[in-house]
There are 2 protein chains.
Amino acid sequence: MGKITIKDVAALAGVSVGTVSMTLNGSSKVSEKTKKNVMEIVNKLGYRRDPYARSLSLSSSRSIGLLAPGFRNSFFGEIAEALQVAAEKRNNSLMFGITNDSTKQEAKLVDQFLDRGVDGLIIIPAEDSSPDLSHIRNLLNMNFPLVFLSSYYSSLPMQTVMSDLASGAYELTKSFIGAGLKNIILISGEPSLIPFKERIEGFRKAFEDSGVEYNPDHVIISDGMSFEGGYAAIEKVYDEIKPDGILAINDVMAMGVISRLHSKGIRIPEDVSVAGYDDIATSSIQETPLTTVAQPISEMCSRAVEMLFDLIEGREIEKTLVKLPVSVKYRKSSIAKE
Amino acid sequence: MGKITIKDVAALAGVSVGTVSMTLNGSSKVSEKTKKNVMEIVNKLGYRRDPYARSLSLSSSRSIGLLAPGFRNSFFGEIAEALQVAAEKRNNSLMFGITNDSTKQEAKLVDQFLDRGVDGLIIIPAEDSSPDLSHIRNLLNMNFPLVFLSSYYSSLPMQTVMSDLASGAYELTKSFIGAGLKNIILISGEPSLIPFKERIEGFRKAFEDSGVEYNPDHVIISDGMSFEGGYAAIEKVYDEIKPDGILAINDVMAMGVISRLHSKGIRIPEDVSVAGYDDIATSSIQETPLTTVAQPISEMCSRAVEMLFDLIEGREIEKTLVKLPVSVKYRKSSIAKE
DNA sequence: AATTACGATTGAAACGGTTCAAAAGGAGAT
DNA sequence: ATCTCCTTTTGAACCGTTTCAATCGTAATT
């Protein structure tokens with residue numbers, strides 16, 4: 001037995017395919033009686049409209065794509081969840097791809113997603129120190145609906161929803177200074193990339209505003225933004241600098257820092273205050289709960305989806321860069337409070 | 001300027017649309033010269049085939065759906081990554097939906113995904129204590145390609161790839177007993193659900209095989225499988241039972257346990273040995289690295305995708321239940337070793 | 001009874017590809 | 001020059017919807 005099509009339904013219901021289609025789309029021009037009749041047949045046959053034929057007619061797949069560095073860091077997992085919720089409100093589905101922080105892989109996925117017919121794309125930029133962005137330029141040229149989330153590529157026009165990374169770093173640093181810490185370091189990544197640049201800037205400004213001398217050597221550039229990166233950074237600089245305050249660029253990295261300090265027998269926060277960034281789910285539930293900066297994930301995601309649909313549906317967007325406020329969470333890993 | 005279609009390409013190249021189509025599909029019946037000519041025009045125009053039209057013709061979207069409880073627990077994030085890799089090898093994309101451990105939500109997403117035309121579905125069953133599974137029955141009736149991952153619904157025929165949960169719990173428990181621990185508890189969920197049932201069974205059997213009396217009251221049924229669940233379970237039973245060994249059903253929960261013990265001033269592992277399950281990324285990098293059971297995520301995922309494509313492409317599948325071996329990771333949160 | 005008005009229904013074009021039987025073209029043999 | 005045989009190419013049918021101008025039916029109006 002072949003596939004059940006709208007024709008079968010129409011034949012059995014004794015109406016035209018147009019009528020069936022309109023019924024299914026809830027058009028008001030079909031009489032109630034006919035609707036009821038048609039729906040009965042639809043249910044009896046277990047008919048479902050063919051999504052491909054539909055998409056072809058409507059030229060929309062009602063699905064959008066998400067490109068993220070990966071989901072091992074649950075920060076991105078939380079973003080994925082929030083995006084899915086926002087997409088579902090608009091009856092859209094989400095496809096996802098993992099870039100592993102490589103713009104090359106990102107380009108490949110963009111291509112794949114275009115071939116799948118997604119209506120728009122949300123991209124969390126890869127933290128790639130030598131990015132090749134031709135694929136993004138392409139998308140912009142063809143005016144493809146695209147919004148960056150959480151960061152953007154500094155060399156390209158942005159349609160971005162992110163949080164105010166600098167201000168989080170600023171407030172955190174100020175509280176560390178205010179708590180009397182004298183030797184604070186920031187473990188960061190390649191300063192040409194926005195997320196690092198912003199945080200470094202917040203860090204610097206906190207010193208400036210506090211009237212304390214800023215030592216650029218206290219910004220440690222680590223290459224991996226992972227646990228291992230944090231671990232290795234401590235390995236490299238601890239004995240030399242003997243910091244009493246350590247700000248890691250994200251929570252996973254901070255966990256690496258804590259783990260290494262712990263194994264060196266250094267007490268947290270008595271000897272060293274540590275803070276992370278992102279407030280991932282596990283940060284608050286660690287043995288030593290982590291002082292960190294919470295990003296407003298769910299609002300970021302709903303704004304991003306909103307902006308994306310503005311683009312998809314051809315509306316003007318008012319602001320191309322939306323920066324939402326963050327909030328610092330003071331926990332036991334630091335003596336700083338506010 | 002309208003959309004560029006295959007007709008435009010054909011016209012400019014001076015050939016028929018059939019030829020262009022065959023060229024793009026790499027058919028061997030088109031002469032090299034023509035191919036070259038056509039490709040030139042394609043590139044010049046920046047033509048891309050319309051995915052909707054293609055899907056309609058081919059009746060395949062080259063995309064599959066993943067239904068998972070959520071991505072806050074990075075165990076599922078790691079699964080998503082691994083699945084994406086496996087899907088990409090077959091040039092497929094992945095859509096995802098989040099069930100929040102509710103079969104009702106799962107049903108809704110199944111419906112949505114069918115409407116999107118996914119070719120098949122990978123479902124990580126929701127840990128829902130009163131599941132409504134009619135949507136799954138539907139899928140099975142219509143013979144829709146479907147495989148369960150990580151667990152299955154006990155009341156339904158399974159096409160499942162999972163790990164041998166019981167054996168992990170068994171080995172872990174045995175090592176706890178072997179280390180001389182006398183008062184071991186297991187914090188689990190609703191025993192009617194497969195993942196809990198299996199682990200409880202492994203737990204029980206370890207006592208049996210060790211000739212130590214098994215106390216069913218030492219299986220604590222917690223309602224949330226989250227951090228809070230672990231935290232609350234300790235709150236509830238610690239003072240009464242005073243366990244010296246605690247097995248949590250997953251790592252996140254174990255972190256909740258550790259956090260609560262820590263705040264009570266109880267030392268790990270000196271006073272209490274703790275173990276989790278899953279070996280999520282953060283488990284090894286905690287302040288006190290967690291003894292846990294690693295599931296072979298990447299193999300599970302590639303097997304699941306393999307099985308799914310067997311179903312999609314109409315091949316017979318040999319085994320409906322694949323159980324892969326796990327490996328216990330002994331770390332500092334327990335005195336147990338092997 | 002004829003006309004009008006309007007809501008309900010029809011039917012065919014359009015969406016943009018793929019596929020394949022049939023036609024065309026070209027080379028080699030007679 | 002004609003015939004065969006093979007390789008290329010063509011063109012139309014098809015995939016299953018949506019949409020909308022045109023038509024139909026019915027009831028109200030004159």
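In what follows, chains are A, B, ... by sequence order, proteins preceding strands, each numbered from 1.
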Taking only the side-chain nitrogens and oxygens of B/R48, find out if one of them lies under 4.0 Å from OP1 or OP2 of C/dG17. no

With a non-hydrogen cut-off below 4.0 angstrom, is B/T5 in contact with a base, only sugar-phosphate, or nothing? sugar-phosphate

Heavy-atom neighbours of B/K108 NZ exceed 12 at 6.0 Å: no

Measure from the ring center of A/Y52 to the ring center of B/Y52 and say whether it is less than 6.0 Å. no

Between the side chains of A/E299 and A/R303, is the shortest nitrogen-to-carboxylate-oxygen separation below 4.0 Å, so that they form an ion pair? yes

Which of D/dT18, C/dG16, D/dA12 is nearest the side chain of A/L58? It is D/dT18

Options C/dT19, D/dT18, C/dG11, nucleotide nearest the side-chain atoms of A/R54: D/dT18

Presence of salt bridge, A/E32 and A/K36, under 4.0 angstrom: no

Give the residues of residues 112-120 of chain A touching DNA chain C, defined as any heavy atom closer than 4.0 Å, sorted by residue number. none

Of the listed nucleotides (D/dT9, C/dC15, C/dG17), which one gets closest to any side-chain atom of B/V30? D/dT9

Look at all strands and tell whether B/S21 reaches a base, only sugar-phosphate, or nothing, counting heavy atoms closer than 4.0 Å. base

Please report, rounded to the nearest Å, how far the P atom of C/dG7 is from the NZ atom of A/K35. 15 Å

Measure up the B/F96 and A/F96 rings against each other and bin them: parallel (under 30°), tilted (30 to 60°), perpendicular (over 60°). perpendicular

Between the base of C/dG17 and the side chain of B/S57, is there a donor and acceptor pair under 3.5 angstrom? yes

Does A/Y52 have a side-chain nitrogen or oxygen under 4.0 Å from the phosphate oxygens OP1 or OP2 of D/dT18? no

Rounded to the nearest 0.5 Å, how far does CG of A/L121 lie from NE2 of A/H135? 9.0 Å

Give one of base, sugar-phosphate or nothing for B/S55, where a contact means two heavy atoms less than 4.0 Å apart. nothing

